[in-house]
Amino acid sequence: MKKKFLVHIMISFAVLLVVLVGFCTAFAYIGGYIENTETITFTDLSPEVSDYHMDCEVDIYPRGGDSDRWKKTMSIVDEDGMRRTVTYIGEVYEITLTNYTGYTLTDWTLEIPISQHIFINDAWCGNIELTQNTNEGVKVQELDMKHVDMDKLELNYRVDGSDFMLPLYSGDSIIYYPGEEEKETTLYPSDTITQEYESRTMGIIIYYKGELTKDTYVFDEATIRYELIRDLYSMPIYYIFWVILIVWLVSFMAIVITDIRVWKLEEKEKRDEKIIEQSMSTFMGFIDAKDSNTNGHSMRVAEYAEKIADKMGFARAECRKIYYIALMHDCGKIGIPESVLLKPGKLTEEEYAAIKTHTTLGGEILKNFNSIEEIQEGALYHHERYDGTGYPMGLKGEEIPIIARIICVADSFDAMNSVRCYRGKLSKEDIIYELETNKGKQFDPDIVDCLLALIKEGKVDFS
């Protein structure tokens with residue numbers, strides 16, 4: 001039982017080791033930082049989330065409030081060098097970034113190409129980097145639009161009244177850098193089951209040419225660069241691992257508890273077997289003491305019967321049961337007078353008839369012994385003969401219970417191999433001859449063959 005318990009423990013921990021190695025391998029393969037770039041084309045100002053299949057979505061759209069759109073007239077110099085007055089629409093645009101994944105989205109930047117002439121008037125939250133293609137060359141500068149240091153400004157700009165304006169033309173671009181103080185840099189994992197998505201919203205003010213009542217500026221596309229952090233806690237495999245670990249723990253505890261219970265049951269069975277064996281041995285000791293010529297006979301028959309059963313392929317528990325049944329096969333002799341049991345000469349018909357009653361007496365004694373199945377049959381039928389000429393019922397062949405057939409061979413072998421009051425013991429050759437001669441007559445041939453094989457293997461000794 002201890003060996004079996006250790007095997008179960010080793011198997012359990014081997015399974016746990018495989019799970020841990022598999023989990024670590026999977027995390028190393030699909031976890032960590034994943035850099036990605038997506039270019040998003042704005043073909044619809046209100047894209048349906050259910051139709052979106054990328055990690056994230058960028059949406060740039062007018063805020064739409066009455067106070068978030070206005071008209072401004074500015075004097076500009078056109079390409080011909082002529083100054084003229086142009087109407088611009090000033091409007092607040094919101095930039096929304098949505099994380100559609102169950103992972104942390106971080107270290108992102110958003111690049112927005114410009115398709116027509118606009119002015120950037122303001123932006124809030126993060127910094128913006130503007131790229132201007134000018135007559136003096138390409139100018140690039142990152143600005144915090146809330147705190148512009150005019151002395152360090154390298155970009156082209158204009159001031160119209162109180163408004164600080166940065167001109168951009170087709171081919172120029174804006175790169176938005178999220179603000180750390182505003183906690184824009186990180187979008188935490190979204191709940192993809194309930195579709196509650198993590199998002200951040202920023203804002204810019206732009207001016208573009210047009211009429212207040214009918215025109216609007218539409219951004220064509222934007223390119224976002226970002227990293228996904230597939231950390232341990234955001235990965236489904238993390239929760240799968242815990243489910244497997246809990247299942248393993250429950251299974252492990254079940255195995256341990258079951259093994260302990262089985263061990264206790266086996267220990268109890270061993271104690272019960274010992275009590276039964278001692279009780280039976282004590283009872284049979286009374287009978288052997290009564291018949292000194294057969295002292296130890298019941299114990300030897302039980303041992304031979306157990307070995308024969310094992311040779312025939314019976315399970316260990318069944319072999320042990322046959323041992324106990326064989327131990328009690330002659331219990332009926334307790335009711336036979338000693339004068340008959342110990343008579344050295346030939347028995348009279350009446351005395352032989354009395355001897356034969358030990359089978360039925362044994363069956364009667366054991367009829368209510370329910371702890372061991374078929375124990376009554378061993379006592380009652382062990383003198384039945386395979387050819388049908390035995391007693392008490394005259395059963396034939398396989399009509400005789402297999403246990404009784406085994407005991408019959410073991411009993412006869414010990415009788416021939418022992419000294420009796422009416423004769424000496426037979427030689428080994430004579431015993432083997434009697435066994436071979438009586439196959440199919442007194443004995444079941446298959447059982448005799450098993451006994452002969454045990455004799456040949458040296459597992460049954462001649463005293």
Would you find more than 12 non-hydrogen atoms of other residues, nucleotides or ligands less than 6.0 Å from [X] atom [atom1]?
X      : atom1 : answer
Glu457 : CD    : yes
Glu182 : CD    : yes
Ile193 : CD1   : no

About how many Å separate [atom2] of [Y] and [atom1] of [X], when rounded to the nearest 0.5 Å?
X      : Y      : atom1 : atom2 : result
Cys56  : Leu228 : SG    : CG    : 7.5 Å
Asp107 : Thr186 : CG    : OG1   : 7.0 Å
Ile224 : Ile112 : CD1   : CD1   : 10.0 Å
Ile407 : Asp414 : CD1   : CG    : 13.0 Å
Ile365 : Ile334 : CD1   : CD1   : 6.5 Å
Asp55  : Thr101 : CG    : OG1   : 6.0 Å

Here the pair of heavy atoms bringing Gly362 nearest to Cys331 is CA-SG, 3.7 Å

Taking every heavy atom of Ala410 against every heavy atom of Ala305, the minimum-distance pair comes out as CB-N, 3.9 Å

Any side-chain heavy atom of [X] sitting closer than 4.5 Å to one from [Y]?
X      : Y      : value
Met416 : Asp430 : no
Glu434 : Ser412 : no
Glu436 : Leu452 : yes
Trp124 : Met145 : no
Glu267 : Lys264 : no
Ile336 : Leu361 : yes
Ile174 : Leu168 : yes
Val58  : Glu38  : no

**Request:** Run the numbers on Met299 and Leu327 for side chain to side chain contact (heavy atoms under 4.5 Å, CB included), then give the verdict.
**Result:** CA-CA 6 Å; Met299 186 70 72; Leu327 193 63; 4.1 Å; yes

Return all side-chain donor-acceptor pairs below 3.5 angstrom for residues 386-403, not counting sequence neighbours, or 'none' if the list is empty.
{"from": "Asp387", "atom 1": "OD1", "to": "Thr389", "atom 2": "N", "distance (Å)": "3.1"}
{"from": "Asp387", "atom 1": "OD1", "to": "Thr389", "atom 2": "OG1", "distance (Å)": "2.7"}
{"from": "Thr389", "atom 1": "OG1", "to": "Arg385", "atom 2": "NE", "distance (Å)": "2.8"}
{"from": "Glu399", "atom 1": "OE1", "to": "Lys396", "atom 2": "N", "distance (Å)": "3.1"}

Backbone N or O of [Y] within a donor-acceptor pair of the [X] side chain at under 3.5 Å?
X      : Y      : value
Lys307 : Lys459 : yes
Lys146 : Cys125 : yes
Arg200 : Thr185 : no
Asp191 : Thr194 : yes
Glu184 : Met202 : no
Tyr176 : Gly126 : yes
Asn417 : Phe413 : no

I want to check a possible cation-pi pair here: Arg320 against Tyr324, using under 6.0 Å from ring centre and within 45° of the ring axis as the test. yes

Subject >> Qualifying residue, where the test is side chain to side chain contact (heavy atoms under 4.5 Å, CB included) with Leu454 and the options are Ile308, Asp449, Asp310 >> reply: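 Single pass found, and it is Ile308.
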
Practice prompt. Apply the test side chain to side chain contact (heavy atoms under 4.5 Å, CB included) to residues His329 and His297: give CA-CA distance (whole Å), side-chain angles for both, the deciding distance (0.1 Å), then the verdict.
Written response: CA-CA 10 Å; His329 78 284; His297 168 71; 3.4 Å; yes

> Is it the case that Tyr217 and Gln116 place a side-chain donor and acceptor less than 3.5 Å from each other?
Replying inline: no

- Query: Can a donor-acceptor pair be found between the side chains of Glu198 and Asn99 at a distance below 3.5 Å?
  - Reply: no

Original post:
Considering the options Asp446, Asp444, Asp411, which one meets the salt bridge (Lys or Arg N to Asp or Glu O under 4.0 Å) requirement together with Arg405?
Top reply: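 It is Asp444, the one option of Asp446, Asp444, Asp411 that forms the salt bridge (Lys or Arg N to Asp or Glu O under 4.0 Å) with Arg405.
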
So His358 and His383, would you call those rings parallel, tilted or perpendicular, with 30° and 60° as cut-offs?
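The rings of His358 and His383 stand perpendicular, inter-plane angle above 60°.
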
With side chain to side chain contact (heavy atoms under 4.5 Å, CB included) as the criterion, how do Tyr304 and Val460 come out once you've worked through the C-alpha distance, each side chain's angles and the decisive distance to 0.1 Å? CA-CA 7 Å; Tyr304 298 148; Val460 172; 3.9 Å; yes

Go through Leu451 and Phe443 one step at a time and tell me if the side chain to side chain contact (heavy atoms under 4.5 Å, CB included) criterion holds.
CA-CA 11 Å; Leu451 177 59; Phe443 309 125; over 6 Å; no

Problem set entry | Electrostatic pair Glu374:Lys321 at N-O distance under 4.0 angstrom | yes

